[in-house]
Amino acid sequence: MGEFELIRRYFVRPVTAGDGVVLGIGDDCALLQPDPGMQLAVSTDMLVEGRHFLSTVNPRWLGHKALAVNLSDLAAMGAQPLGFTLALALPGTDEAWLAGFAQGLLELADAHHCPLVGGDTTRGPLNVSITVLGQVPPGQGLLRSGAQVGDDIYVSGCLGEARLALEALRGGVDLEAAALRRCRARLEQPQPRLALGVTLRGLASAAADTSDGLVSDLGHVMTASGVGAVLQWAALAGGGAVGADVRLQELDLTRTCVLAGGDDYELVFTAPTERREQVIAAADRVGVAVTRIGGVCERAPGEPPVQVLDASGHLLDGHWGGYDHFG
Ligand code: ADP
Ligand code: MG
């Protein structure tokens, strides 16, 4: 099987008219037609074997996750997907692997109406790089830089399960079979919060997705906005923002999973206090739970961008910074 046969067999799908794709795979470029007046939202994420996943990973979940982490960036911008490109380096043409990978990738693409419109395929150490294209009305993108002093801070869904699964797979924690299945699905098949991102346009003042960990990702938002975050551990732990199986673990591990876990691909966002009811109603409309976990304050020089307080108002002590590939 040559390069072009491989692309045709595994990645080319009939293009459905009217989804914003004028021309898909097969020409020198794809041609996309955003809705009139919309801004393009563009984001790239790369997954490297040994760094982001192990060679033993189920190819179907690798395909799913490679697109999911990219769609999550569109969600965090409040953008709707238009399509994506795939740059793939493969050590060989393992047909079972390719079939599984394409299935996971294209099922998620179909679910979010985000067709594969082009890419590049070469021989090399396994590497999956995806660029997603989306659209957002001008001025309505959910930037990291818009948080204001006094805003509330929210997180969607629940945090910590992906990291807990990783701890269990590494043998550091024992989980019951059902709990492991649930947490492992969070790690391997994250669900990008696209509908929530779109519904938060005009409501949220700033947003990011939790790919590296809550404290790290929210820290980027705070730094970009020139403000600080104060989180209430009790609000996180008590309000459904922590996965049930995570909450059952010892406190230190729970805090690590929730504050520094990463890989959850939830949205963390800020909004003015007068929009509290609207935020909850909007999240409700798209069937996603959101929890208010703290507030935005002025940030004094030398203070970390995110501080976490316990129930009695004492600062929690710990290092919850995210992963830095060159750190
Ligand atoms: P070019 O020589 O112009 O770079 P290629 O021969 O690399 O084109 O690719 C041929 C067509 O197949 C192009 O339309 C390209 O976008 C598409 N393509 C190549 N690899 C992939 C892939 N992994 N997934 C989707 N489309 C791909
Ligand atoms: Mg090429």
- prompt: Hey, does F11 have a side-chain heavy atom less than 4.5 Å from the side chain of L105?
  reply: yes
statement: To the nearest 0.5 Å, atom CD of Q307 lies from atom CE of M222 at 12.0 Å
field: side chain to side chain contact (heavy atoms under 4.5 Å, CB included) assessment of Q249 paired with L164
entry: CA-CA 9 Å; Q249 310 300 315; L164 188 62; 3.7 Å; yes
statement: Closest non-hydrogen contact found for S156 with V288 is CB-CG1, 3.9 Å
Within one Ile-Leu-Val-Met-Phe-Trp-Tyr cluster: L88 and L116, side-chain cutoff 4.5 Å: yes
task: Using only heavy-atom distances, determine whether the side chains of N127 and E49 contain a donor-acceptor pair under 3.5 Å.
output: no
task: Verify the neighbour count for atom CG of D317: are there more than 12 heavy atoms of other residues, nucleotides or ligands below 6.0 Å?
output: no
- prompt: Near E298 CD, under 6.0 Å, is it more than 12 heavy atoms from other residues, nucleotides or ligands?
  reply: no
- prompt: Sub-3.5 Å donor-acceptor pair from the side chain of D217 to the main-chain atoms of S211, do we have one?
  reply: yes
message: Looking at G202, is its backbone amide N or carbonyl O close enough to the side chain of Q140 to form a donor-acceptor pair, meaning the two atoms are under 3.5 Å apart?
response: no
query: Does the T256 side chain pair with the main chain of D252, one donor and one acceptor, at a distance under 3.5 Å?
result: yes
- prompt: So is R255 actually on top of W320's ring, under 6.0 Å and inside 45° of the axis?
  reply: no
statement: The single option from L159, V258, L218 that satisfies side-chain contact (heavy atoms from CB on, under 4.5 Å) with T210 is L159
- prompt: Would you say T223's side chain and G219's backbone share a donor-acceptor pair under 3.5 angstrom?
  reply: yes
query: At what distance, to the nearest 0.5 angstrom, does CD of Q39 lie from CE of M77?
result: 9.5 Å
field: same_hphob_cluster(L6, V128) at 4.5 Å side-chain heavy-atom cutoff
entry: yes
query: So, for A208 and V221, which heavy atoms are closest and what is the spacing to 0.1 Å?
result: CB-CG2, 3.5 Å
- prompt: Between H64 and R60, is there a donor-acceptor pair closer than 3.5 Å when you use the side chain of the first and the backbone of the second?
  reply: no
- request: Step by step, work out the side chain to side chain contact (heavy atoms under 4.5 Å, CB included) result for L309 and L316.
  value: CA-CA 6 Å; L309 305 183; L316 291 189; over 6 Å; no
query: Got W97 and N58 here, is their nearest side-chain heavy-atom distance under 4.5 Å?
result: no
field: Cluster link W61 to M46, ILVMFWY, side chain under 4.5 Å
entry: no
task: Run the salt-bridge test on R9 and E5 with the 4.0 Å N-O cut-off and return the result as yes or no.
output: yes
message: For a quick check under 3.5 Å, do S145 and S225 share a side-chain donor-acceptor pair by atom type?
response: no
message: Does this structure show an ion pair linking R184 with E161, if we count only N-O contacts that are shorter than 4.0 Å?
response: no
CG on L74 to OG on S43, rounded to 0.5 Å: 6.5 Å
task: Of all the heavy-atom pairs spanning G146 and A206, show the shortest one and how long it is.
output: N-CB, 3.9 Å
message: Any heavy-atom pair between the side chains of P137 and M38 that's under 4.5 Å?
response: yes
statement: Interatomic distance, CG@L175 vs CG@L180, rounded to 0.5 Å, equals 5.5 Å
task: Give a yes or no on whether E277 atom CD has more than 12 heavy-atom contacts from other residues, nucleotides or ligands under 6.0 Å away.
output: no
message: I want to check something: taking the side chain as every heavy atom from C-beta on, are T291 and L236 in contact at a cut-off of under 4.5 Å?
response: no
- prompt: How long is the gap from CG on L231 to CG on L259, to the nearest 0.5 Å?
  reply: 7.5 Å
query: Which pair of heavy atoms, one from P190 and one from Y265, lies closest together, and at what distance?
result: CB-CD1, 3.6 Å
- prompt: Does S72 use its side chain to pair, donor to acceptor, with the backbone of D209 at less than 3.5 Å?
  reply: no
message: Taking atom CG as the centre, does D27 end up with more than 12 heavy-atom neighbours from other residues, nucleotides or ligands that are less than 6.0 angstrom away?
response: yes
- prompt: What is the distance from atom CG of D45 to atom CG of N70, rounded to the nearest 0.5 Å?
  reply: 4.5 Å
query: Do side-chain atoms of T122 reach the backbone of A89 as a donor and acceptor pair under 3.5 angstrom?
result: no
message: Has K65 got a side-chain atom pairing as donor or acceptor with L187's backbone, closer than 3.5 angstrom?
response: yes
message: Quick one, H113 and L82 - any side-chain contact, counting heavy atoms below 4.5 Å?
response: no
query: For Q148 and V227, what are the C-alpha separation, side-chain angles and deciding distance, and is it a side chain to side chain contact (heavy atoms under 4.5 Å, CB included)?
result: CA-CA 7 Å; Q148 304 280 334; V227 291; over 6 Å; no
- prompt: With a 4.5 Å heavy-atom cut-off, do L71 and C114 have their side chains touching?
  reply: yes
- prompt: Ion pair present between R193 and E266, side-chain N to carboxylate O less than 4.0 angstrom?
  reply: yes
query: ring pair (Phe, Tyr, Trp, His ring centres under 6.0 Å) with Y154: which residues, sequence neighbours excluded?
result: F269
- prompt: Would V132 end up clustered with L106 when hydrophobic side chains under 4.5 Å apart are linked, directly or stepwise?
  reply: yes
- prompt: Going through the distances and angles, do F84 and T131 end up as a side chain to side chain contact (heavy atoms under 4.5 Å, CB included)?
  reply: CA-CA 5 Å; F84 73 104; T131 297; over 6 Å; no
- prompt: Do the non-hydrogen side-chain atoms of L90 and L98 ever get within less than 4.5 Å of each other?
  reply: yes
message: I want to check something: taking the side chain as every heavy atom from C-beta on, are D151 and P272 in contact at a cut-off of under 4.5 Å?
response: yes
task: Tell me, with the steps shown, if R186 and D263 meet salt bridge (Lys or Arg N to Asp or Glu O under 4.0 Å).
output: CA-CA 8 Å; R186 291 294 310 270; D263 264 344; over 6 Å; no
query: Hey, any chance L196 and V69 share a hydrophobic cluster, counting ILVMFWY side chains that come within less than 4.5 Å of each other, even indirectly?
result: no
message: Could you check whether D152 pairs with R276 (Lys NZ or Arg NE/NH1/NH2 to Asp/Glu carboxylate O, under 4.0 Å)?
response: yes
query: Quick one: does D264's side chain have a donor or acceptor within less than 3.5 Å of a partner on G160's backbone?
result: yes
- request: Could I get the full list of salt bridge (Lys or Arg N to Asp or Glu O under 4.0 Å) partners for R163, not counting sequence neighbours?
  value: E167
field: Contact summary for V246 and C257, nearest pair of heavy atoms
entry: CG1-CB, 3.8 Å
message: Tell me if a side-chain donor or acceptor on Q191 pairs with a main-chain N or O of Q189 at a distance below 3.5 Å.
response: yes
